[in-house]
Amino acid sequence: MKYDVLIIGAGIAGLYTALSLPSNLKVLVLSKDEINNCNTYRAQGGIACVWDEDDDFEIHMEDSLKAGNGKNNKKMLEIMVSEGPKNIQNLIDYGVDFDKNERGYDLTLEGGHTKRRILHYKDTTGKRVIEVLAQTAFKKNNIEIHERTMAVDITKCRNGFLTTALDENEEPMYIESDFTVIASGGIGRLYKYTTNASIASGDGITLAIKAGAKLKHMDLIQFHPTGLYENSGDRFLISESVRGEGGILRNSKKEPFMHLYHEMADLAPRDVVSKSMLKEMKNSNSNYLYLDVTAKPKEYLENRFPHIYKSCKNRKLSMEKDFIPVTPCQHYFMGGIEVDEFGSTTVDNLYATGECACTEVHGNNRLASNSLLEALVFSKRVAKSIEGKYSRLENTDIKSNIKVEARIHDNYGLKGLSYNEKKHLELSEIESLKNKVREIMQNSFFVNFNIDYAKKNIEAINELKFELNLYKNNNKNFYELVSLAEVSNIILKEKLKNARVSN
């Protein structure tokens with residue numbers, strides 16, 4: 001199959017890129033699972049944007065810089081903040097109906113923000129955005145969307161790329177493209193406790209490595225303060241907007257405590273709140289703390305936070321009566337594939353956008369609700385860059401027909417071992433090894449970095465990386481395991497290196 005543009009990922013970054021490309025380009029979008037299984041779909045709070053006359057770009061930038069501890073790339077940050085409104089307007093034009101009040105759009109407040117600037121659709125903003133973008137994309141004649149299809153390899157050819165993917169039946173398919181965009185999302189499934197979708201196993205990072213692209217700031221991981229405490233690994237997110245609308249964090253004695261740690265109290269940046277919570281949990285030897293929103297009436301909570309209210313009710317919790325048990329959990333990835341202001345990687349015609357790309361706009365701690373804004377702004381820029389390059393292509397009818405053997409059966413090309421000699425890894429063994437990686441990551445780097453544990457256990461991940469070359473599995477679960485081992489190894493190595501430098 002031959003396409004002008006291949007987009008790997010169907011969250012807000014992938015779909016918005018596809019819709020922003022000219023209609024004369026043939027575009028293929030790969031969604032690893034069904035479209036609604038992505039991190040964007042789970043986004044509750046909203047999209048931060050300067051929309052009110054009481055706000056301005058400088059204030060939004062200042063809030064972002066404070067949250068990011070001043071480590072943000074100011075040039076990229078200015079691009080994101082200043083180009084935000086027109087991209088939000090594009091969403092509105094597509095049909096995203098953000099909540100309104102008598103004054104206009106109902107802007108809410110979240111941690112780290114000094115102004116109300118969060119546009120939202122109740123507490124299911126991401127779901128609404130994906131529904132609208134997907135419906136629009138499916139109607140476009142130039143856009144194909146293949147769900148339940150996972151890209152597992154990229155080879156750079158003379159005039160483009162050859163990508164190997166596994167379709168919904170786990171059969172290999174080979175895709176030629178002039179341009180490739182990685183928009184694969186986050187790395188949350190490296191962790192035991194995460195808010196991320198089940199597909200977020202860092203595959204895009206592994207693909208970028210295979211294509212020869214550089215990575216950046218791979219140790220910058222954000223942990224959200226308020227995941228609903230449960231025994232399972234999944235953490236249902238209690239949106240930051242709950243605290244923005246008056247929610248209060250309480251310790252095991254049910255006392256407010258955030259005012260002891262930061263001047264913004266419960267609306268302090270996420271890294272501050274998460275670290276403060278861990279201190280309180282350690283002091284009281286407790287597994288969770290509480291989020292109190294009982295000051296709000298039932299009718300308000302049901303209308304403003306219908307998804308959260310229903311989810312709590314399903315767990316026998318009444319937001320208007322009960323304190324909600326919460327604990328920090330992995331939430332977002334600020335590092336990733338190195339890109340410039342147009343989403344270009346260090347490989348010609350290979351782009352990255354969304355959570356898998358490192359634009360450096362967030363510094364080392366993302367300001368709440370800046371993630372969807374980043375995805376919109378830089379995905380639009382990716383599309384513009386591709387449009388410009390495509391219009392300058394000469395001899396576009398002459399495409400590379402070099403036969404590049406897909407590496408699907410050779411994975412990392414372990415020398416001295418033929419394919420037939422390789423062993424098969426059972427599904428139960430794959431799941432066990434995934435959990436092993438997650439245990440190591442959870443204990444090595446969860447809010448705080450445990451340098452001693454990381455030193456002792458990183459070798460186990462190195463060994464796993466080597467062992468995976470011995471297997472010939474040709475299924476999605478196996479390739480997820482490969483990504484978990486590859487990406488966790490890179491993260492811990494970079495974290496150890498930076499820890500030694502700081503010491």
Could you check whether [X] pairs with [Y] (Lys NZ or Arg NE/NH1/NH2 to Asp/Glu carboxylate O, under 4.0 Å)?
| X | Y | result |
| --- | --- | --- |
| D219 | K493 | no |
| D52 | R116 | no |
| E494 | K497 | no |
| K74 | E78 | no |
| K476 | E480 | no |
| D97 | R128 | yes |

Rounded to the nearest 0.5 Å, what separation is found between the CD atom of E110 and the OG atom of S369?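 Reported value, rounded in 0.5 Å steps: 3.5 Å.
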Distance (rounded to the nearest 0.5 Å) between Y300 OH and M319 CE: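 Separation between the atoms: 9.5 Å.
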What do you reckon, is NZ of K275 surrounded by more than 12 foreign heavy atoms closer than 6.0 Å?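 At most 12 heavy atoms, drawn from other residues, nucleotides or ligands, come within 6.0 Å of this atom.
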Tell me, yes or no, whether the heavy-atom count around E245 atom CD, taken from other residues, nucleotides or ligands under 6.0 Å, exceeds 12.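 For E245, atom CD is crowded (more than 12 foreign heavy atoms under 6.0 Å).
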Would you please test S201 and S483 for side-chain hydrogen bond (donor to acceptor under 3.5 Å, both in side chains) and show each step? CA-CA 6 Å; S201 50; S483 289; 5.4 Å; no
With distance as the sole test, does Q442 use its side chain to make a donor-acceptor pair with the main-chain N or O of Y193 at under 3.5 Å?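 Between the backbone of Y193 and the side chain of Q442 there is a qualifying donor-acceptor contact (under 3.5 Å).
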Would you find a donor on one side and an acceptor on the other, under 3.5 Å apart, between the side chain of T149 and the backbone of E147?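 Side chain of T149 to backbone of E147, a donor-acceptor pair under 3.5 Å: yes, one is there.
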After noting the C-alpha distance and the side-chain angles of S241 and D123, does the key distance pass the side-chain hydrogen bond (donor to acceptor under 3.5 Å, both in side chains) rule? CA-CA 8 Å; S241 55; D123 60 347; over 6 Å; no
Taking atom types as modelled, find out whether Y121 and E131 have a side-chain donor-acceptor pair closer than 3.5 angstrom.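 Y121 vs E131: no donor-acceptor pair found between side chains.
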Side chains of N142 and S23: is there a donor and an acceptor less than 3.5 Å apart?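 No donor-acceptor contact under 3.5 Å links the two side chains.
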Just say parallel, tilted or perpendicular for the rings of F223 and F445, cut-offs at 30° and 60°.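 Taking F445 first and then F223, their aromatic rings stand perpendicular (interplane angle over 60°).
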Just say parallel, tilted or perpendicular for the rings of F179 and Y351, cut-offs at 30° and 60°.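 It falls in the tilted class, 30° to 60°.
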Check whether any side-chain heavy atom of [X] sits under 4.5 Å from a side-chain heavy atom of [Y], and report yes or no.
| X | Y | value |
| --- | --- | --- |
| M76 | E341 | yes |
| N90 | L19 | no |
| I209 | I490 | yes |

Cation-pi, F161 ring and K156 (6.0 angstrom, 45 degrees):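 Yes; both conditions hold, so K156 lies above the ring face of F161.
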Report the C-alpha separation of D63 and T114 in whole Å, then their side-chain angles, then the decisive distance to 0.1 Å, and conclude whether the side-chain hydrogen bond (donor to acceptor under 3.5 Å, both in side chains) test is met. CA-CA 7 Å; D63 290 347; T114 57; 2.9 Å; yes
Qualifying residue, where the test is side-chain contact (heavy atoms from CB on, under 4.5 Å) with Y94 and the options are T136, L15, V129: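 Checked T136, L15, V129 against Y94; only one passes side-chain contact (heavy atoms from CB on, under 4.5 Å): T136.
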Return the minimal non-hydrogen interatomic distance between [X] and [Y], and the atom names on each side.
| X | Y | answer |
| --- | --- | --- |
| C49 | I88 | SG-CG1, 3.7 Å |
| K192 | R438 | N-CB, 3.9 Å |
| K210 | D153 | CD-OD1, 3.1 Å |
| T17 | V382 | CG2-CG1, 4.0 Å |
| A48 | N370 | CB-OD1, 3.5 Å |
| D55 | H60 | OD1-N, 4.4 Å |

Would you check, one step at a time, whether the test side-chain hydrogen bond (donor to acceptor under 3.5 Å, both in side chains) holds for Q44 with H307? CA-CA 9 Å; Q44 297 174 358; H307 179 52; 4.5 Å; no
Suppose the criterion is salt bridge (Lys or Arg N to Asp or Glu O under 4.0 Å): which pairs have a residue in residues 345-372, not counting sequence neighbours?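 Of all non-adjacent pairs touching residues 345-372, those that pass salt bridge (Lys or Arg N to Asp or Glu O under 4.0 Å) are K216-E360.
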Taking only residues two or more places apart in sequence, or in another chain, which ones meet Y105 in a ring-ring contact (aromatic ring centres under 6.0 Å, His included)?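 For Y105, the residues satisfying ring-ring contact (aromatic ring centres under 6.0 Å, His included) (neighbours in sequence not counted) are W51.
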Of T195, N39, T226, which meets side chain to side chain donor-acceptor pair (under 3.5 Å) against H331?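 Per the side chain to side chain donor-acceptor pair (under 3.5 Å) rule, the option paired with H331 is T195, out of T195, N39, T226.
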